[in-house]
Amino acid sequence: MTAPWEKAVLFLLVAILGGQAIVVNSVPYDYSASTECLAQPLKPQYGGGMIVNPQFDKDLDGWVSFGKDIHRVSKSGNKYAVALDKSTPHHSISQKVKLEKDKMYTFSAWFQADKGTADVRAAVKTPDGFVIAGQIGVNASCWSMLKGGLTVKTSGDADIFFESNTTSEIWIDNVSLQGFTKEEWRSHHNDTVHKERKLTAKIKVSDKKGKPLAGANVTVTPLRMGFPFGNAISQHILKNPAYQKWFASRFTHTTFENEMKWYSTEYTEGHEDYTVADDMLEFANKSGVHVRGHNVFWNDQSAQMKWVEKLTKEELQKAVTKRIKSVVPRYKGRVIHWDVNNENVHFNFYETKLGPDASTKIYQAVHEIDPNVILFMNDFNTLEQLGDSNAAPHKYLRKFRQIRAGLPKNAKMGIGLESHFEVPNIPYMRAVLDQFATTGSPIWLTEVDVAGTDATQAGYLEEILREGYSHPAVKGIVMWASWSPKGCYRMCLTDNDFKNHPVGDLVDSLIKEWKTHAEGTTASDGSIQATLSSGDYEVKVNHPSSDAPTVHRIKVDPKSNEHEVTHH
């Protein structure tokens, strides 16, 4: 059987250049990943792509050894390479490849340790220095897949090699490196947006007697996006009509920057005040904006009030229970998510004070009170920063599965990726999303921003938002660009008069692009079909039998893509 990536696929990317169409031959992107430890590694993606001898069927041909590396065959007949006598982390094997500056590279390989556990990184030595392509935790009982990606600053020769934090053997198999042009990468976006974000809607028009009305002119105009796209807000929005108008005209979802956090609602022990959070929630409700609950707790030591830090274990447990019973029932049914114990991959304040299962117990307690809300594990650097080993995808997933295992089967957990970017590594971003998609849980980019104030900020933000919007597993995006008269956290969409900065213009253009329009004339059965994104629409119907149009409002989503309207 031929795998999908082995089939030649023809993408027609048409550009009018001298009247000629440019035809680009491409390989479809392979979104598959494995986050389970397997007895045998799966075949290399793309047949290995650019890698010579990816399955080590020909001993170590094509590879260069750093140390006493060997070729081995398992009892089942699987052939693989073994890095021996690892006196330094990079002692393994390497292969030379030619990389191009303007290409996106997806990388994958399988690893196993001969004993114990180890962290393994795939690295690339380029003319400009070293680039990390991905990382994975491995053990001795089975094979684990590392999936990552990279770009390079300069075209030329490069060496792919592997690093680990153990002096024991590391086994390597089924290595793959596949390059894509930016045009091909964009074709993946277009393909998945069409499959995942759009659907065929049928609108049937009847006259006032209920008979199908042929020959009616129908115009379908978008009102609000169905895909959750939002931005954080702060209390500054409450007394600023210009801010309110600017925000409500664009976004469908929001997260309060600080106002719902424990230190904002009970800064002094025993003195709770939800006034600001309540007022912000009322504004959101009136504006038709959904709210993510942020957060019940924050696991960072530095985010605790002084009075909390001084509590004994028993006193802290009582305070934690009181906080849960205060904030969760208050907003039950009014928030769509809870960031339950924020950043508990990086930090462990509650585990240190209350025991190693503290986070799991907090999730359990929140679920017990609000069983319908989605409980998110929200953290940073897993998607955006390869240099933070604490946030590696396998470490995030380990914590995620630990907490989920302690919850009832009907509990809903979500993956929250904060996405505070510097310079984005877009192929790596896609690879991480591929890995998290294997959980079947909803993935949200929860706090998207990009550092910097120059022209690159808008370009980087566009790459990030397009990658998130087009990935099949991403169910929503919220940016972290809450406005403040004294300046934003890292990224301001507007100035203080709510005139867009370049990043604001970029956001507006994407919202416009992601909304869809349609118009047509009804057939003999009174219907038209249109390809639409999910969302709220205005349907205007004109017909020669009437002097005035009729206007209707419909919602298009996978559960409701057929609508009947009446023209009087």
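Positions are given from 1 along the sequence.
Annotation: Lys395, atom NZ; neighbour count of heavy atoms from other residues, nucleotides and ligands within 6.0 Å is above 12. Lys322 NZ: more than 12 foreign heavy atoms inside a 6.0 Å radius.
Of all non-hydrogen atoms in His189 and Ser470, the two that sit nearest each other are CD2-OG, 3.0 Å. Nearest heavy atom pair, residue Val478 against residue Ala232, reads CG1-N, 4.0 Å. A pairwise comparison of heavy atoms in Lys147 and Ala33 identifies CD-CB, 4.1 Å as the closest pair. The two atoms that bring Pro44 and Ser176 nearest to each other are CB-CB, 4.4 Å, heavy atoms only. Closest heavy-atom contact between Asn390 and Val345: O-CG1, 3.4 Å. When all heavy atoms of Pro558 and Leu199 are compared, the closest pair comes out as N-CD2, 3.6 Å.
Partners of His253 under the ring-ring contact (aromatic ring centres under 6.0 Å, His included) rule, at least two apart in sequence or in another chain, are His290, Trp444. Under the ring-ring contact (aromatic ring centres under 6.0 Å, His included) criterion, Tyr105 pairs with no residue, sequence neighbours left out. Qualifying ring-ring contact (aromatic ring centres under 6.0 Å, His included) partners for Phe349, counting only residues two or more places apart in sequence or in other chains: none. Every residue meeting the ring-ring contact (aromatic ring centres under 6.0 Å, His included) condition with Trp143, not counting sequence neighbours, appears here in chain and number order: Tyr80.
A distance-only check finds a donor-acceptor pair linking the side chain of Ser92 to the backbone of Phe162 [under 3.5 Å]. Judged by distance alone, the side chain of Thr312 and the main-chain N or O of Glu315 form a donor-acceptor pair under 3.5 Å. In terms of modelled atom types and a separation under 3.5 Å, the side chain of Asn174 and the main chain of Leu42 share a donor-acceptor contact. Not a single donor-acceptor pair under 3.5 Å links the side chain of Ser560 to the backbone N or O of Val556. A donor-acceptor pair under 3.5 Å is absent between the side-chain atoms of Glu266 and the main chain of Asp273, judged by distance alone. Using modelled atom types, no side-chain atom of Gln244 and backbone atom of Pro241 make a donor-acceptor pair closer than 3.5 Å. Glu36 places no side-chain N or O within donor-acceptor distance of the main-chain N or O of Leu38, the cut-off being under 3.5 Å. A donor-acceptor pair is defined here as one N or O able to donate and one able to accept, closer than 3.5 Å; such a pair exists between the side chain of Lys475 and the backbone of Pro472. A donor-acceptor pair is defined here as one N or O able to donate and one able to accept, closer than 3.5 Å; such a pair exists between the side chain of Ser234 and the backbone of Trp483. The main-chain N or O of Val289 is never found under 3.5 Å from a side-chain atom of Ser287 such that the two would form a donor-acceptor pair.
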Could you go through Thr265 and Arg323, starting from their C-alpha distance and side-chain angles, then the distance that decides it, and tell me whether this counts as side chain to side chain donor-acceptor pair (under 3.5 Å)?
CA-CA 10 Å; Thr265 62; Arg323 162 67 175 173; 2.9 Å; yes

Step by step, work out the side-chain contact (heavy atoms from CB on, under 4.5 Å) result for Leu433 and Leu417.
CA-CA 10 Å; Leu433 294 174; Leu417 303 173; 3.9 Å; yes

Determine, step by step, whether Trp307 and Tyr263 satisfy the ring pair (Phe, Tyr, Trp, His ring centres under 6.0 Å) criterion, reporting the C-alpha distance in whole Å, the side-chain angles of both residues, the deciding distance to 0.1 Å, and the verdict.
CA-CA 10 Å; Trp307 67 266; Tyr263 59 61; over 10 Å; no

Dump the intermediate steps for salt bridge (charged side-chain N to carboxylate O under 4.0 Å, His left out) on Glu314 and Lys318, then the final yes or no.
CA-CA 6 Å; Glu314 292 73 19; Lys318 289 181 181 179; over 6 Å; no

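Arg404 and Ser441 share a donor-acceptor pair across their side chains, judged by distance under 3.5 Å alone. When only modelled atom types and interatomic distance are considered, Gln457 and His501 share no side-chain donor-acceptor pair under 3.5 Å. At a cut-off of 3.5 Å, with distance as the only test, a side-chain donor of Gln301 or Glu309 sits close to an acceptor on the other residue. Side-chain contact annotation: Ser32 with Gln45, donor-acceptor N/O pair under 3.5 Å present.
Within the 4.5 Å cutoff, side-chain heavy atoms of Arg430 are placed close to those of Tyr29. Met377 places none of its side-chain heavy atoms less than 4.5 Å from the side chain of Val340. Within the 4.5 Å cutoff, side-chain heavy atoms of Gln40 are placed close to those of Ser76. Taking the side chain as every heavy atom from C-beta outward, Ile511 and Arg250 approach each other to under 4.5 Å. The shortest side-chain heavy-atom distance between Asn342 and His294 falls under the 4.5 Å cut-off. Residues Thr35 and Met145 fail the side-chain proximity criterion, which asks for heavy atoms closer than 4.5 Å. Two residues are said to be in side-chain contact when any heavy atoms from C-beta on lie closer than 4.5 Å; Trp338 and Met260 meet this criterion. Counting only heavy atoms from C-beta outward, the side chains of Phe107 and Leu146 approach each other to under 4.5 Å.
The pair Lys325-Glu272 fails the salt-bridge criterion, with no side-chain N (NZ, NE, NH1 or NH2) lying under 4.0 Å from an Asp/Glu carboxylate O. A salt bridge does not link Asp279 with Lys239: every distance from a Lys NZ or Arg NE/NH1/NH2 to an Asp or Glu carboxylate oxygen is 4.0 Å or more. The pair Glu282-Lys286 meets the salt-bridge criterion, since a charged nitrogen lies less than 4.0 angstrom from a carboxylate oxygen. For the pair Lys399 and Glu351, the salt-bridge criterion is met [side-chain N within less than 4.0 Å of a carboxylate O].
The line from CD1 of Ile362 to NE2 of His367 is 15.5 Å long, rounded to the nearest 0.5 Å. Here CZ of Phe229 is found 8.5 Å from OG1 of Thr252. Values are rounded to the nearest 0.5 Å. Here the OG atom belonging to Ser141 is positioned 15.5 Å from the NZ atom belonging to Lys115, to the nearest 0.5 angstrom. Within the model, atoms CG of Asn139 and SG of Cys37 stand 4.0 Å from one another, a figure rounded to the nearest 0.5 Å. In this structure, the separation between CG on Asn344 and CZ on Phe400 is 11.0 Å, given to the nearest 0.5 Å. For the atom pair Asn341 CG and Asp300 CG, the distance stands at 10.5 Å (nearest 0.5 Å).
Between His420 and Trp480, the angle of the ring planes goes over 60°, which puts this pair in the perpendicular group of the 30/60° scheme. Taking the six-membered ring where the residue is Trp, Phe376 and His337 present tilted rings, their angle falling between 30° and 60°. Between Tyr31 and His471, the ring planes lie perpendicular to each other; the angle is over 60°, past the 30° to 60° tilted range. Tyr469 and Trp514 have parallel rings, their planes meeting at less than 30° on a 0 to 90° scale where 60° marks the start of perpendicular.
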Kindly list each side-chain donor-acceptor pair under 3.5 angstrom involving residues 421-429, sequence neighbours excluded, with atom names and distances?
unit_1	atom_1	unit_2	atom_2	d
Glu422	OE2	Arg490	NH1	3.1
Asn425	OD1	Tyr428	N	3.2
Asn425	ND2	Gly149	O	3.1

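Between Tyr267 and Trp262, the ring center distance fails the sub-6.0 Å criterion. Taking the six-membered ring for Trp and the full ring otherwise, His236 and Tyr243 have centroids separated by 6.0 Å or more.
The list of salt bridge (Lys or Arg N to Asp or Glu O under 4.0 Å) pairs with a residue in residues 367-393, not counting sequence neighbours, is empty.
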